[in-house]
Number of protein chains: 2
Amino acid sequence: MSPRPPRPRPDPAPPPTRAPQPGPPAGPDLPQALELGRFLPYRLSVLANTMSGAIATAYAERFDLSIPEWRVMAVLALEPGLSAAKVAERTAMDKVAVSRAVASLLRAKRVERSVEACDRRRSQLQLTARGHAVYREVVPFALAYEEAVLRGLPPRTREKLDELLEELLRRARALRLDRLAPSR
Amino acid sequence: MSPRPPRPRPDPAPPPTRAPQPGPPAGPDLPQALELGRFLPYRLSVLANTMSGAIATAYAERFDLSIPEWRVMAVLALEPGLSAAKVAERTAMDKVAVSRAVASLLRAKRVERSVEACDRRRSQLQLTARGHAVYREVVPFALAYEEAVLRGLPPRTREKLDELLEELLRRARALRLDRLAPSR
DNA sequence: GCCGATTAGTTACAGTTGCAACCATCATAG
DNA sequence: CTATGATGGTTGCAACTGTAACTAATCGGC
């Protein structure tokens with residue numbers, strides 16, 4: 001999995017910000033229209049893809065590292081000895097993704113694994129010296145990217161962003177869609 | 001492409017919000033540490049995936065519709081007669097994704113296509129009556145989901161969110177990563 | 001101690017996605 | 001008119017990702 005193709009996001013289009021053309025066939029009294037460019041899930045998706053795509057390309061080119069691998073390394077750097085399951089928790093990845101990322105990191109000798117004595121199903125994962133070296137190289141890059149995106153935003157605005165993301169995630173997670181859908 | 005598997009996001013883990021354990025082997029003087037749960041691209045990615053996953057599942061179950069298909073329908077509802085390339089622009093999808101979504105929508109008779117007379121490479125796409133019917137059914141659902149996530153947020157906060165998303169997307173797009181990476 | 005139920009982790013398979021190569025059509029130059 | 005190049009759109013192929021099935025090990029009675 002080492003020579004991973006970069007797969008950047010082409011991200012071809014600035015959303016036209018507004019296209020308030022009334023739909024001809026639907027008529028003026030259509031119940032509600034939805035402009036994609038103002039639809040929250042869409043906007044978040046485009047934003048996240050733009051950022052992740054940029055980062056993924058950079059990681060792949062510079063460090064031969066995929067995003068899942070990076071996530072695993074990031075949590076192991078702060079909490080060495082985690083099991084794969086714990087890593088999955090911490091990274092919001094599923095266990096298969098973690099398994100594959102770990103396999104790849106093992107091959108690259110960036111992570112090492114030892115089975116736990118008392119429970120031999122479980123294993124303890126930690127960065128190797130090489131892994132730490134890569135980590136120390138990636139972190140400044142990641143932080144620089146984040147800072148570049150946020151540069152110039154006043155602290156109060158950053159706080160607001162932080163709160164908003166927290167709040168939205170909490171709500172999105174709590175949401176049961178069961179009784180939405182006014183139609184049908 | 002009709003019986004599309006829902007592919008919901010398991011989204012298994014609340015990020016532990018903080019895990020400020022100092023990395024034992026890295027020592028106290030490591031230049032910077034990065035906590036994944038506070039890293040903007042990561043948080044955006046998790047949030048967007050959570051929302052999109054929920055919506056994708058719901059669309060698939062209720063309307064037999066994928067997100068790419070929905071995006072195509074959404075822009076065609078507001079701007080009938082667009083070409084596939086224009087649709088790609090409007091939806092921030094690449095042309096292959098549009099091509100496939102359109103193919104699927106044609107099969108389902110939710111979109112129809114006619115070649116342009118003056119330029120027979122190009123085609124004009126528009127929703128059929130069936131397509132409009134589906135659209136009118138989906139829109140309230142989509143808006144209800146968005147509203148459910150935003151429910152209770154004061155208008156000022158919503159405006160702030162709107163501005164922040166706009167601003168972040170602008171910055172992310174403008175960012176050339178070329179001269180980032182302080183290391184290497 | 002032994003059998004069913006659980007949990008950790010991996011493997012297999014299928015569906016999805018993206019890039020690149022590809023046709024078809026149009027535009028421009030000679 | 002033909003050649004060259006650009007553009008719209010589709011297809012082939014390879015990589016990625018998720019679900020489900022599977023193996024290995026532990027746990028919980030009995």
Side-chain angles (χ1 to χ4, degrees), chain A residues 1-13 45 49 52-53 56-57 59-60 64-72 81-89 91-107 111 113-125, chain B residues 1-13 45 49 52-53 56-57 59-60 64-69 71-72 81-107 111 113-125:
Chain A
M1 196 177 284
S2 274
R4 201 176 304 92
R7 184 158 71 75
R9 289 299 178 109
D11 192 21
S45 173
N49 283 346
S52 295
T57 303
Y59 284 3
D64 186 29
L65 194 65
S66 72
I67 297 265
E69 287 166 12
W70 158 241
R71 288 185 179 181
V72 169
L82 286 180
S83 67
K86 291 290 183 190
V87 170
E89 263 182 39
T91 55
M93 296 160 64
D94 76 47
K95 62 176 185 172
V96 177
V98 171
S99 174
R100 291 196 263 240
V102 167
S104 168
L105 290 169
L106 286 172
R107 270 195 302 281
V111 159
R113 166 164 66 181
S114 57
V115 285
E116 233 171 76
C118 54
D119 185 344
R120 288 204 308 281
R121 291 171 304 183
R122 205 170 302 219
S123 55
Q124 297 188 329
L125 300 166
Chain B
M1 194 175 285
S2 275
R4 200 176 305 92
R7 184 158 71 78
R9 289 300 178 109
D11 191 22
S45 173
N49 283 345
S52 295
T57 303
Y59 284 4
D64 187 29
L65 195 65
S66 71
I67 298 262
E69 286 165 13
R71 288 185 180 181
V72 170
L82 288 180
S83 69
K86 291 290 184 191
V87 170
E89 263 183 37
R90 299 284 194 282
T91 55
M93 296 160 65
D94 76 47
K95 63 176 184 171
V96 177
V98 171
S99 174
R100 291 197 260 241
V102 166
S104 168
L105 290 169
L106 286 172
R107 272 196 299 281
V111 159
R113 164 164 66 181
S114 57
V115 284
E116 233 172 76
C118 52
D119 185 343
R120 288 206 308 279
R121 289 173 304 183
R122 202 169 303 219
S123 55
Q124 297 187 328
L125 299 166

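- Comparing D:dG9, D:dG18, C:dG9 by their nearest atom to the side chain of A:R122 picks out C:dG9.
- One finds the CG atom of B:L82 at 11.0 Å from the CZ atom of B:R122 (value rounded to the nearest 0.5 Å).
- For A:Y59 and D:dC16, the OH to P distance is 18 Å, given to the nearest whole Å.
- Look at A:S66 and you won't find any side-chain N or O under 4.0 angstrom from OP1 or OP2 of D:dC16.
- The interatomic distance linking B:D94 (CG) with C:dT16 (P) rounds to 16 Å, in whole Å.
- Taken from OG in B:S83 to CD in B:E89, the straight-line distance is 8.0 Å, to the nearest 0.5 Å.
- Note that the OG1 atom of A:T91 and the CD1 atom of A:I67 stand 12.0 Å from one another [nearest 0.5 Å].
- The backbone N or O of B:G53 sits less than 3.5 Å from a side-chain atom of B:T57, completing a donor-acceptor pair.
- Regarding contacts with the backbone of D:dG8, every side-chain N or O of B:S83 stays at 4.0 angstrom or more from both OP1 and OP2.
- Whole-Å rounding puts the B:R100 CZ to D:dT11 P distance at 10 Å.
- Between the side chains of A:S66 and A:R100, no donor-acceptor pair of N or O atoms lies under 3.5 Å.
- Between B:M93 atom CE and C:dC19 atom P there is a gap of 13 Å when expressed in whole angstrom units.
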Exercise for the section: Please lay out, stage by stage, how A:V72 and A:M93 fare under the test side chain to side chain contact (heavy atoms under 4.5 Å, CB included). Expected result: CA-CA 9 Å; A:V72 169; A:M93 296 160 64; 4.3 Å; yes

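- The shortest distance between the side-chain N/O atoms of A:S123 and the OP1/OP2 oxygens of C:dG9 is below 4.0 Å.
- Nearest-nucleotide positions on DNA chain D for B:V98 and A:P68 put B:V98 closer to the 5' end.
- Distance check: B:R113 CZ to B:L105 CG gives 11.0 Å after rounding to the nearest 0.5 Å.
- One atom, CG of A:L105, and another, P of C:dT10, lie 12 Å apart when rounded to the nearest Å.
- Note that the two end axes of the helix from C:dG1-D:dC30 to C:dG30-D:dC1 enclose an angle of 10°, each drawn from 5 base pairs, rounded to 10 degrees.
- Atom NZ in B:K86 sits roughly 15 Å away from atom C1' in D:dG9 (whole-Å rounding).
- Proximity of A:S99 to the phosphate of C:dG9: no side-chain N or O atom is located under 4.0 Å from OP1 or OP2.
- The two residues A:L65 and A:W70 make their nearest non-hydrogen contact at CD2-CB, 3.9 Å.
- The distance from atom CG of A:D64 to atom CD of A:E69, rounded to the nearest 0.5 Å, is 7.0 Å.
- Nearest to the side chain of A:R113, among C:dT10, C:dA8, D:dG18, sits C:dT10.
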For nucleotides 21-26 of chain D, which of its nitrogen or oxygen atoms have a protein nitrogen or oxygen under 3.5 Å away, and what is each distance?
unit_1: D:dT26; atom_1: OP1; unit_2: A:R120; atom_2: N; d: 2.9

